[in-house]
> 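This is the structure, below, for whatever I ask next.
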Amino acid sequence: MELKLNRPICFFDLETTGIEVAKDRIVEIAIFKVFPNGNKESKTWLVNPTITIPPQTTAVHGITNEKVANEPTFSELAPQIYAMIKDSDLAGFNSDRFDIPLLAEELLRAGVDFDMKNRYSVDIQTIFHKKEERTLSAAYKFYCNQILENAHSAEADTMATYEILKAQLDRYDDLDNDIKLLSEFTTRKKSVDFAGFIALNDEGKEIFTFGKNKGQLVEAVLEKEPGYYGWIQGADFPLYTKKVLTAIKLRKLNTK
């Protein structure tokens, strides 16, 4: 089943130096863009992460420090990458918890003011886990009856993810072929930032989810403890979390 789209959607996958969103870097990114008229566009970049790729990570995706030594950095590639995704919804396999947060960190670090405010995200892994409980390779075998060659290659994983979503729509009659509804189905929790440090309570208001102010309204904490904002900005929190917190602070100031 082909996707019903109101605007483009970009399926993407990252290979990285590790799994820490705030610290690790992209070494390969593949984007497969599908347009509402059925046209498709694909692009893959190798990236010099500017930090060392640990041997245990190279053992997973096969990308060595030598292979990316002469490739462009993410900051150099950021304008091209953002130009490809800026008008699109996003989709991937475990993308809500890892790929989108890490991509956002890299874009913000490169000076691109990226956010998810006006776009949807569809995490194909969540559909799979809610329906079948498997891994990407098993999902590809289960839904498409094919063996995933070159697993942990960003391009292969991206194309497999796109094919899996189409097969999921064919298989599950109760799964709506609508990006907004798929986004709602694959959203695990009501977090405001990707990392889940700020979430929405039952009344739709932002609260902290960690530390001494866990469960407290963000606006109330910032008013009661002005230094808490500065502490978060100076600490090792993801850039997107800091961006969200700044937006809440500015919104509060503008309503006074």
Side-chain angles (χ1 to χ4, degrees), residues 1-3 9-21 24-34 40-47 49 53-54 56-64 67 81 84-85 88-106 116 120-172 174-177 179 182-189 194-196:
M1 182 186 296
E2 286 299 328
L3 304 180
I9 184 167
C10 286
F11 293 79
F12 78 103
D13 186 70
L14 307 177
E15 302 304 335
T16 66
T17 60
I19 59 174
E20 292 189 48
V21 167
D24 280 302
R25 301 288 190 270
I26 295 170
V27 298
E28 185 181 33
I29 176 170
I31 301 175
F32 180 62
K33 188 171 185 176
V34 184
K40 300 175 178 68
E41 177 184 351
S42 180
K43 185 73 176 175
T44 301
W45 295 270
L46 281 171
V47 185
I53 306 171
Q56 62 269 28
T57 306
T58 294
V60 174
H61 53 51
I63 299 173
T64 64
K67 186 174 182 179
I81 293 169
M84 193 167 181
I85 69 171
S88 306
D89 296 318
L90 298 178
F93 201 86
N94 194 32
S95 51
D96 280 356
R97 292 192 295 177
F98 182 71
D99 296 83
I100 292 176
L102 202 149
L103 178 62
E105 289 297 293
E106 289 277 41
M116 290 292 293
Y120 298 117
S121 68
V122 180
D123 192 332
I124 285 75
Q125 185 193 61
T126 302
I127 297 174
F128 188 35
H129 284 182
K130 283 187 173 184
K131 297 292 188 179
E132 307 295 344
E133 303 288 337
R134 294 288 196 281
T135 62
L136 177 59
S137 295
Y140 196 54
K141 173 66 176 174
F142 182 86
Y143 289 110
C144 304
N145 196 30
Q146 297 185 57
I147 301 299
L148 178 55
E149 304 290 346
N150 299 320
H152 296 297
S153 154
E155 184 175 9
D157 289 357
T158 297
M159 297 302 296
T161 300
Y162 168 64
E163 294 296 335
I164 289 167
L165 177 57
K166 293 196 299 177
Q168 287 172 330
L169 290 168
D170 285 330
R171 179 176 288 268
Y172 305 117
D174 61 338
L175 206 57
D176 293 289
N177 192 349
I179 297 302
L182 287 170
S183 177
E184 291 172 355
F185 184 80
T186 60
T187 299
R188 297 170 187 263
K189 59 183 179 181
F194 296 126

> Excluding sequence neighbours, so at least two apart, what forms side chain to side chain donor-acceptor pair (under 3.5 Å) with T17?
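Expected list: D24.
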
> Among residues at least two apart in sequence or on other chains, which ones pass ring-ring contact (aromatic ring centres under 6.0 Å, His included) with Y120?
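None.
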
> Go through the structure and list residues passing side-chain contact (heavy atoms from CB on, under 4.5 Å) with V21, not counting sequence neighbours.
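Once residues adjacent in sequence are excluded, the partners of V21 under the side-chain contact (heavy atoms from CB on, under 4.5 Å) criterion are F98, P101, E105.
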
> Would you call D157 and F93 a side-chain contact if the rule is heavy atoms closer than 4.5 Å?
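No; the side chains remain at least 4.5 Å from each other.
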
> Considering residues at least two apart in sequence or located in another chain, which fulfil the side-chain contact (heavy atoms from CB on, under 4.5 Å) criterion with Q56?
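Counting only residues at least two positions away or on another chain, Q56 forms a side-chain contact (heavy atoms from CB on, under 4.5 Å) with P54.
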
> Could you pull out every donor-acceptor pair under 3.5 Å between side chains of residues 140-154 and any protein atom, sequence neighbours left out?
| from | atom 1 | to | atom 2 | distance (Å) |
| --- | --- | --- | --- | --- |
| Y143 | OH | Y172 | OH | 2.6 |

> Could you check whether atom CD of E163 has more than 12 heavy atoms from other residues, nucleotides or ligands sitting under 6.0 Å from it?
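Counting other residues, nucleotides and ligands, CD of E163 exceeds 12 neighbours.
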
> By side-chain contact (heavy atoms from CB on, under 4.5 Å), which residues pair with M84, not counting sequence neighbours?
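Only I31, K33, E41, K43, W45 meet the side-chain contact (heavy atoms from CB on, under 4.5 Å) criterion with M84.
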
> Taking all heavy atoms of T158 and all of F11, pick out the closest pair and write down the distance.
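Residues T158 and F11, closest heavy atoms: CG2-O, 3.3 Å.
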
> Check whether any side-chain heavy atom of T44 lies under 4.5 Å from a side-chain heavy atom of E28, and answer yes or no.
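Yes, close enough: below the 4.5 Å cut-off.
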
> Go through the structure and list residues passing side-chain contact (heavy atoms from CB on, under 4.5 Å) with S121, not counting sequence neighbours.
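S121: side-chain contact (heavy atoms from CB on, under 4.5 Å) contacts with D96, I100, M116, S183.
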
> Not counting sequence neighbours, which residues clear side chain to side chain donor-acceptor pair (under 3.5 Å) with K166? List them please.
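For K166 the side chain to side chain donor-acceptor pair (under 3.5 Å) partners, ignoring immediate neighbours, are E2.
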
> Does the side chain of D13 come within less than 4.5 Å of T161's, by heavy atoms?
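They are not in contact (no side-chain heavy atoms under 4.5 Å apart), so the answer is no.
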
> Taking side chain to side chain donor-acceptor pair (under 3.5 Å) as the definition, give me every residue that meets it alongside E106, ordered by chain and number, with sequence neighbours left out.
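Partners of E106 under the side chain to side chain donor-acceptor pair (under 3.5 Å) test: R109.
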
> Regarding D123 and K130, does a basic nitrogen lie under 4.0 Å from an acidic carboxylate oxygen?
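Not counted as a salt bridge, because no side-chain N and carboxylate O are separated by less than 4.0 Å.
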
> Using the side chain to side chain donor-acceptor pair (under 3.5 Å) criterion, which residues pair with D89? Sequence neighbours excluded.
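Listed in chain order: R7.
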
> Please tell me if the side chains of I85 and F12 come closer than 4.5 Å, counting only heavy atoms from C-beta onward.
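Counting from C-beta outward, I85 and F12 never come under 4.5 Å.
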
> For the residue pair T57 and V27, establish whether any side-chain heavy-atom pair is separated by less than 4.5 Å.
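Not touching, per the 4.5 Å side-chain cut-off.
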
> Considering only heavy atoms from C-beta outward, does the side chain of I164 approach that of L136 to under 4.5 Å?
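In short, these two side chains touch, coming nearer than 4.5 Å.
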
> Taking the side chain as everything from C-beta on, heavy atoms only, tell me whether L182 gets closer than 4.5 Å to D176.
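Heavy-atom side-chain distance check fails, nothing below 4.5 Å.
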
